[in-house]
Structures are given as C-alpha cells and as structure tokens.
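Report on one structure; see the data block that follows.
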There are 2 protein chains.
Amino acid sequence: MKMSRDSIRGICDALEQAGIRPTHQRILIMKYLAEYRVHPTAEMIYSKLKEEIPTFSKTTVYNTLKLLDEKGLISALATDEDQVRYEANMTPHGHFKCIQCGALFDLDLACSLPPEKEVGGHLVLEYQVMAKGICRSCRGG
Amino acid sequence: MKMSRDSIRGICDALEQAGIRPTHQRILIMKYLAEYRVHPTAEMIYSKLKEEIPTFSKTTVYNTLKLLDEKGLISALATDEDQVRYEANMTPHGHFKCIQCGALFDLDLACSLPPEKEVGGHLVLEYQVMAKGICRSCRGG
DNA sequence: ATCATTGCAAACACTTTGCATACGC
DNA sequence: GCGTATGCAAAGTGTTTGCAATGAT
C-alpha cells in the first residue's frame with residue numbers, strides 16, 4: 001500500500017485531535033480504511049497489513065478499531081454476517097448489500113432519509129439504512 | 001406461558017404450510033416469538049422454554065430458528081450486539097433501538113420508506129431501517 | 001422399519017483479556 | 001525511566017456440527 005505524504009499528515013492530525021497517539025499501526029489501519037472503502041473486516045485489515053508489518057497482531061487490529069470507533073473516527077457496521085465491518089466514511093449515508101456477491105456499498109440517502117425526529121414517542125437520533133438486492137455488476141452492468 | 005388453543009392451531013397451520021412438522025418444541029418457539037415481541041435472542045428463548053421442557057436444548061433452538069428463518073416464518077435481525085435477535089413479525093417495518101436501555105421496538109415506516117427500487121445502478125429488493133435514540137420510557141413518558 | 005427430530009458434547013469462529021516485551025516522550 | 005502501545009497466548013462467547021438416542025408415521 002503506497003501512501004501519499006499528505007494523506008498521512010491528515011490522518012495524524014485527525015488522530016491527534018481525537019487524543020490518539022498516531023503510531024505506525026494506527027496510521028496504517030486508518031489509511032487502509034480511508035483508501036479501501038469496501039467496509040473491511042478486522043481479518044481483512046489484519047491479513048493485508050501483516051504484509052507490511054510482519055509482527056502485526058490481530059490484538060492490535062481489534063484494540064485499534066475499538067479505540068477509533070469509540071473516538072468517533074470510524075464506525076462499526078452491523079450486518080447479518082458474523083464478522084463486524086468497519087468504515088472511515090463518517091458522513092451520513094446508508095448501505096447497500098448485494099445478496100449475490102456480498103459486496104457492501106455506500107448509499108446516498110439524501111432523498112430518502114426519513115425526516116421525523118420522533119416516532120411512536122421515541123426520540124430518534126440516528127437512522128441506519130441497509131438496502132439489499134442485486135448490485136450493478138451482478139446484474140451485468 | 002399459557003396458550004390459547006386457537007393460536008396454537010394457527011401456528012401449526014403456518015408450520016405445515018411451510019412444510020415443517022409442527023413438533024412441540026417448534027410450536028413453543030413460534031408461540032414465544034409471536035407472543036413476546038421483544039425480539040428475543042436464542043438464549044432468551046432457550047432459558048424461558050427450558051422451564052417448560054426440562055430436556056430442551058440450545059441445539060434445538062438454533063436448529064429451529066435457522067429452519068424457520070429459511071422458510072420465511074421468522075426473520076433474524078442484525079444488530080450491533082453480539083447475539084442475533086429474532087422476530088415473527090413478517091410485515092414490512094423498521095426497528096428502533098434505545099441506546100440507553102437497549103430495548104428494540106418495531107417501527108411503522110409507512111411514511112418514511114424510500115420508494116426507489118434502483119439506487120446507484122443497484123437493484124433494491126428490500127430496505128432495512130434501524131433507528132436509534134432514546135425510547136419513550138427512558139425519556140420519562 | 002424408516003426417516004426426521006432432538007439433544008448432548010465437542011468443535012468452531014470471532015473477539016476479548018492477561019500479561020510480558022518493546023517503544024516513545 | 002515511565003507510561004503507553006504492541007503482540008502472543010489463553011480465555012470467552014455465541015453458534016454450528018457430529019452423532020447417538022428418541023420419536024413419529
């Protein structure tokens with residue numbers, strides 16, 4: 001994985017602003033999430049970065065993902081899979097999952113997000129939308 | 001758990017129509033899901049029904065839930081918890097999760113479901129909506 | 001008699017934890 | 001030097017699987 005000096009600087013800044021020491025491992029994990037927007041699992045991150053840091057451990061992946069999630073730099077995605085998926089895209093958006101190939105895409109929901117802030121007496125702070133269907137490439141596009 | 005004879009008959013019918021033999025265990029699990037609409041976990045179902053059938057096993061819970069899900073009689077809910085939650089409500093609806101007490105409610109989405117069947121080139125077959133916030137009782141209502 | 005269902009125990013997969021080593025300020 | 005980060009190994013948790021016993025037709 002090649003890195004531009006600028007994007008590394010941006011990641012370091014973001015980490016420091018969140019009160020997180022920008023270590024080599026943490027930067028690489030953030031970089032991976034920012035660059036490969038496939039909503040990877042901990043395992044995917046681990047096996048990829050293991051190539052660059054031979055001593056890299058899964059513990060560090062889990063530690064770091066948990067930390068970044070708590071600090072609001074990334075978010076964990078609940079899916080019907082057994083593995084948690086992560087993403088660095090923190091702007092409001094939904095997701096589309098292809099029931100055929102399993103790929104997970106970001107979805108722009110500008111026109112379809114429900115506007116209500118209160119439903120059935122409950123105060124709504126956030127909507128998570130997961131659409132399912134057949135993705136563009138599986139349809140043969 | 002008390003059972004009306006009518007609801008048992010309805011459950012048996014539904015199971016048979018799905019090609020599932022209506023055994024005692026399966027009926028109880030369906031009945032539990034139909035009656036206690038709290039979106040229980042396998043563990044919750046197990047510990048409750050264990051009271052009625054002392055030999056009841058978790059394997060049967062998992063076997064049955066998987067079978068019922070495959071046959072379309074119940075659905076499994078992906079949440080950010082580590083345990084899967086199940087429900088027998090098969091009409092289109094969303095969910096609301098209280099970030100304070102953890103309770104999970106059904107949500108009527110008639111007015112807020114996005115109408116698009118195609119987004120970004122992907123064919124959408126289903127939308128799952130998970131709202132999060134503070135539930136009515138946690139707000140003090 | 002045959003085939004499906006149940007249920008115990010063991011296996012599994014993902015994640016977390018305990019603790020010793022190594023690193024950065 | 002001291003406190004944090006890392007990483008190995010072990011434990012933990014939810015779920016699945018292998019297989020023998022049981023039950024239904």
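Because the structure is a prediction, the values reported are computed rather than measured. Here is the naming used below: chain letters follow the sequence lines, and residue numbers restart at 1 for every chain.
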- Task: Ignoring backbone atoms, test whether Thr23(A) places a side-chain nitrogen or oxygen under 4.0 Å from the OP1 or OP2 oxygen of dT6(D).
- Result: yes
- From NZ of Lys58(B) across to P of dT17(D) the rounded distance in Å is 17 Å
- Assign each of Asn63(A) and Thr60(B) to its nearest nucleotide of DNA chain C by heavy atoms, then name whichever residue's nucleotide is nearer the 5' end. Thr60(B)
- Query: Nearest to the side chain of Lys66(B) - dT4(D), dT5(C), dT17(D)?
  - Reply: dT17(D)
- Are Val38(B) and Ile45(B) linked, directly or through other ILVMFWY residues, by side chains that come within less than 4.5 angstrom of each other? yes
- Would you call Glu118(A) and Arg136(B) a salt bridge, using N to O less than 4.0 angstrom? no
- Query: Any side-chain N or O of Tyr62(B) less than 4.0 Å from the OP1 or OP2 oxygen of dT16(D)?
  - Reply: no
- Whole-Å distance between dG7(C) C1' and His24(B) NE2? 16 Å
- Message: Between C1' on dG7(C) and CD on Glu52(B), what's the gap in Å once rounded to a whole number?
- Response: 18 Å
- Might you point out which heavy atoms bring Ile27(A) and Cys12(A) nearest each other, and give the distance in Å? CD1-SG, 3.5 Å
- Query: Within the distance-only criterion (no hydrogens, no angle test), does the side chain of Arg139(A) pair as donor or acceptor with the backbone N or O of Gly121(B) below 3.5 angstrom?
  - Reply: yes
- Item | DNA chain C: stems of at least 3 consecutive Watson-Crick or G-U pairs whose donor-acceptor distances fall under 3.5 Å | C:1-25 with D:1-25
- Item | Protein-nucleotide distance (Ile45(B), atom CD1; dG14(D), atom P), rounded to Å | 14 Å
- Between Glu43(A) and Lys48(A), does at least one N-O distance fall below 4.0 Å, as a salt bridge requires? no
- Item | Aromatic ring proximity, centroids under 6.0 angstrom, His95(A) and Phe105(A) | no
- Interatomic distance where CD1 belongs to Ile53(A) and P belongs to dA22(C) [whole Å]: 17 Å
- Message: Heavy atoms from C-beta onward define the side chain here; which of dG7(D), dA5(D), dA24(D) lies closest to that of Arg21(A)?
- Response: dA5(D)
- Message: Side-chain N or O of Gln25(A) versus OP1/OP2 of dC23(C): is the shortest distance under 4.0 Å?
- Response: no
- Item | Cationic tip of Lys58(B) above Tyr46(B) ring, under 6.0 Å, 45° of axis | yes
- Query: Between dT6(D) and Arg26(A), is there an OP1 or OP2 to side-chain N/O distance shorter than 4.0 Å?
  - Reply: yes
- Task: Report which part of the nucleic acid Glu43(A) touches: base, sugar-phosphate, or nothing (heavy-atom distance under 4.0 Å, all strands).
- Result: nothing
- Message: Please report whether the ring centroid of His39(A) lies less than 6.0 Å from that of Tyr86(A).
- Response: no
- Query: Atom CG of Leu67(A) and atom P of dT17(C): how far apart are they, to the nearest Å?
  - Reply: 14 Å
- Query: Is there a path from Phe96(A) to Met130(B) through hydrophobic residues (I, L, V, M, F, W, Y) whose side chains come within less than 4.5 Å of each other?
  - Reply: no
- Message: Give me the atom names and distance for the closest heavy-atom approach of Phe56(A) to Lys50(A).
- Response: O-NZ, 3.2 Å
- CD1 of Ile29(B) versus P of dT6(C): gap in Å, rounded? 8 Å
- Could you please name the option among dC8(C), dT6(D), dG14(D) that lies closest to any side-chain atom of Thr59(B)? dC8(C)
- Message: So, under a plain 3.5 Å distance rule, would you say the side chain of Ser57(A) forms a donor-acceptor pair with the base of dC8(D)?
- Response: no
- Task: Figure out the CG/C1' separation between Leu65(A) and dC14(C), and round it to whole Å.
- Result: 13 Å
- Note on the structure: Within residues 72-87 of chain A, the residues having a heavy atom closer than 4.0 Å to DNA chain D are none
